[in-house]
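Quick notes on the structure that follows.
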Amino acid sequence: MKDDLNLVPFVSVENMMRLVLSRGIEDCMAEIAEYIEEDFRRWPLFDKTPRVASHSSEGVIELMPTSDGIDYGFKYVNGHPKNMREGLQTVTAFGLLASVETGYPVLLSEMTVLTALRTAATSAVATKYLARKGASTLALIGNGAQSEFQALALRKICGIGSVRFYDVDPQATRKAMRNLENSGLNLVACASPEEAIEGADVVTTCTADKQYATILTDNMVGAGLHINAIGGDCPGKTELHRDILLRSDIYVEYPPQTRIEGDIQQLDADHPVKELWQVLTGEIAGRVDDRAITLFDGVGFAIEDFSALRWLRDALKTSERYVNLDMIADPDDPRDLFGMVQREKQRM
Ligand code: NAD
């Protein structure tokens, strides 16, 4: 990537897909997971705030900012469960990285694909630290846009070998299994969530419904299970029965955001939860024994997007998969913005 302060590298969806394909999807998620781990280990130095959400009856539009004092990043993301029925994505996103020193943007990117990669990488980080050793079977409930990424990241990073699929819409399961048929994973389609969870060591729920849904009930969750609940990520939008939460050791990203958006919105505001980053730094223990139920109540936090953008900036050092955008008005004399506009007339 060339350094020109006035031009901002932009990664389009097409360039993102080609970049990811040329490096390997699973390798990209493993690399992003390393960036996430690195940033989680320096968690206290980040500016943190719950994301700024604009809710409507159909969905939500959110801004997710953070900074480590050197770089500043934000993501724009929506969540519209009804979109899928209209042929639109439930989640779309784009994001930006900027220099704290100058305030100038240094990278703009599509983040719909990048969000799927980083969400799967985050689930894999949680699973790596919280699931039982030797976990090999994943139940994947909700087989939409995020699902294949979740399966592949858990295979690459956590050694998952078998995936048991369930979705209310069998077409979604067929799509996910078709996409993964040459992945080397052992794939099993299931007719109910109860069947999917049979024999699973890890469950990822990634369903989309704007309501208090009950994807898992208490009787389905046996000792030793690790759950990544990533689809409950908005007020009034949850996936787990409350009784599961009461039996689980709960790990979250940023409690002030998760208490508003996560499955734990069903609990009292002072119900004890642990912060995942502290497991990575060793400040607190992860799984205590093989019988514990661990729950990662993942809602997606700004630092994960910041990590993904840092990964992308580094990946572009050896790739041409971007175009430069003329986004910054930067006259030679910084005070002569008006003159710069006038001089353009001679070039028209
Ligand atoms: P999607 O609309 O593409 O897929 C959702 C799937 O869930 C669909 O196939 C749908 O049929 C299925 N589903 C709905 N209700 C179900 C039920 N009761 N049981 C089983 N399956 C059911 O959505 P997506 O992009 O894959 O996102 C999935 C969820 O993850 C959304 O709620 C989204 O907001 C959330 N998400 C979270 C994060 C995070 O960081 N935590 C990041 C991205 C997306």
Side-chain angles (χ1 to χ4, degrees), residues 32 36 51 53 55 58-62 64 75 77-93 95 111-126 139-151 153 164-177 179 189-197 203-217 220 227-241 251-254 257-258 260-264 276 295-305 307-308:
I32 293 170
I36 291 172
R51 58 186 155 198
H55 295 281
E58 301 294 6
V60 63
I61 294 176
E62 298 165 325
M64 302 171 69
K75 180 169 86 172
V77 62
N78 77 304
H80 285 67
K82 59 100 194 161
N83 273 7
M84 193 246 308
R85 292 187 292 278
E86 297 164 10
L88 300 172
Q89 288 291 115
T90 298
V91 174
T92 64
M111 288 190 78
T112 305
V113 176
L114 195 54
T115 293
L117 297 170
R118 78 83 158 122
T119 303
T122 305
S123 290
V125 170
L140 193 49
I141 303 186
N143 304 153
Q146 311 299 318
S147 62
E148 297 91 339
F149 297 93
Q150 292 281 325
R164 300 172 66 78
F165 295 83
Y166 173 71
D167 195 294
V168 277
D169 179 356
Q171 273 188 38
T173 300
R174 281 196 290 276
K175 174 269 320 179
M177 291 179 68
N179 283 340
C190 299
S192 66
E194 287 81 359
E195 187 187 335
I197 210 168
V203 183
T204 293
T205 53
C206 47
T207 66
D209 209 349
K210 206 164 174 12
Q211 61 162 332
Y212 294 107
T214 308
I215 308 301
L216 298 184
T217 52
M220 290 161 67
I227 306 169
N228 300 304
I230 68 152
D233 59 357
C234 247
K237 177 167 172 266
T238 57
E239 292 183 305
L240 307 184
H241 192 282
Y251 297 82
V252 302
E253 292 137 318
Y254 182 54
Q257 180 176 311
T258 313
I260 299 168
E261 301 179 352
D263 268 274
I264 59 167
L276 183 58
L295 164 63
F296 172 52
D297 188 3
V299 292
F301 188 58
I303 293 177
E304 294 143 30
D305 299 307
S307 310

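Below, each value reflects all heavy atoms present in this structure, side chains not excepted, and no hydrogens, waters or symmetry copies. Counting starts at 1 for both ligands and their atoms, in listed order.
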message = Yes or no: does Glu304 have any heavy atom under 4.0 Å from an atom of ligand 1?
response = no

request  = If you have a sec, work out which protein heavy atom is nearest atom 8 (C) of ligand 1 and how many Å separate them, to one decimal?
outcome  = Asp167 OD2, 3.4 Å

note = ligand 1 to Gly231, heavy atom cutoff 4.0 Å, flagged ligand atoms 29 (C), 30 (O), 32 (O), 35 (C)

request  = For the pair Thr90 (side chain) and Gly79 (backbone), establish whether a donor and an acceptor sit closer than 3.5 Å, ignoring hydrogens and angles.
outcome  = no

message = With respect to Ala145, determine whether any N or O atom, backbone or side chain, lies less than 3.5 Å from an N or O atom of ligand 1.
response = yes

inquiry  = Can you tell me which portion of Asp233 lies within the under-4.0 Å heavy-atom range of ligand 1? Options are side chain, backbone, both, or neither.
reply    = side chain

request  = Check ligand 1 against Val299 and write out every atom of the ligand that is under 4.0 Å from a heavy-atom position of the residue.
outcome  = 39 (C), 40 (O), 41 (N)

request  = Indicate, as side chain, backbone, both or neither, the part of Ala172 found under 4.0 angstrom from ligand 1 when only non-hydrogen atoms are considered.
outcome  = side chain

query = Do we see a donor-acceptor contact under 3.5 Å between the side chains of Asp169 and Gln171?
reply = no

inquiry  = One residue to check: Ile215. Relative to ligand 1, which of side chain, backbone, both or neither has a non-hydrogen atom less than 4.0 Å away?
reply    = side chain

ask   = Is there at least one pair of N or O atoms, one from Thr207 and one from ligand 1, spaced under 3.5 Å apart?
value = yes

request  = Report the part of Val168 (side chain from C-beta onward, or backbone N, CA, C, O) that has a heavy atom under 4.0 Å from ligand 1; answer both or neither where that applies.
outcome  = both

ask   = Looking only at protein heavy atoms, which one is nearest to atom 25 (O) of ligand 1, and how far off is it?
value = Gln146 NE2, 2.9 Å

inquiry  = At less than 4.0 angstrom from any non-hydrogen atom of Gly144, what atoms of ligand 1 do you find?
reply    = 3 (O), 4 (O), 6 (C), 9 (O), 26 (O)

ask   = At under 4.0 Å between heavy atoms, which part of Gln211 makes contact with ligand 1: side chain, backbone, both or neither?
value = neither

query = Of all the non-hydrogen atoms in the protein, which one sits nearest to atom 40 (O) of ligand 1, and at what distance?
reply = Arg118 NH1, 2.9 Å

4.0 Å heavy-atom contact, Gly298 with ligand 1 = yes

ask   = Numbering the atoms of ligand 1 from 1, which are under 4.0 Å from a heavy atom of Lys237?
value = 31 (C), 32 (O), 33 (C), 34 (O)

key: Enumerated ligand 1 atoms positioned under 4.0 Å from heavy atoms of Thr119   = 38 (C), 39 (C), 40 (O), 42 (C), 43 (C)

note = Honestly, for Thr90 the part within reach of ligand 1 (heavy atoms, under 4.0 Å) is side chain

task = Name the closest protein heavy atom to atom 28 (C) of ligand 1, giving the residue it belongs to and the distance to 0.1 Å.
result = Cys206 O, 3.3 Å

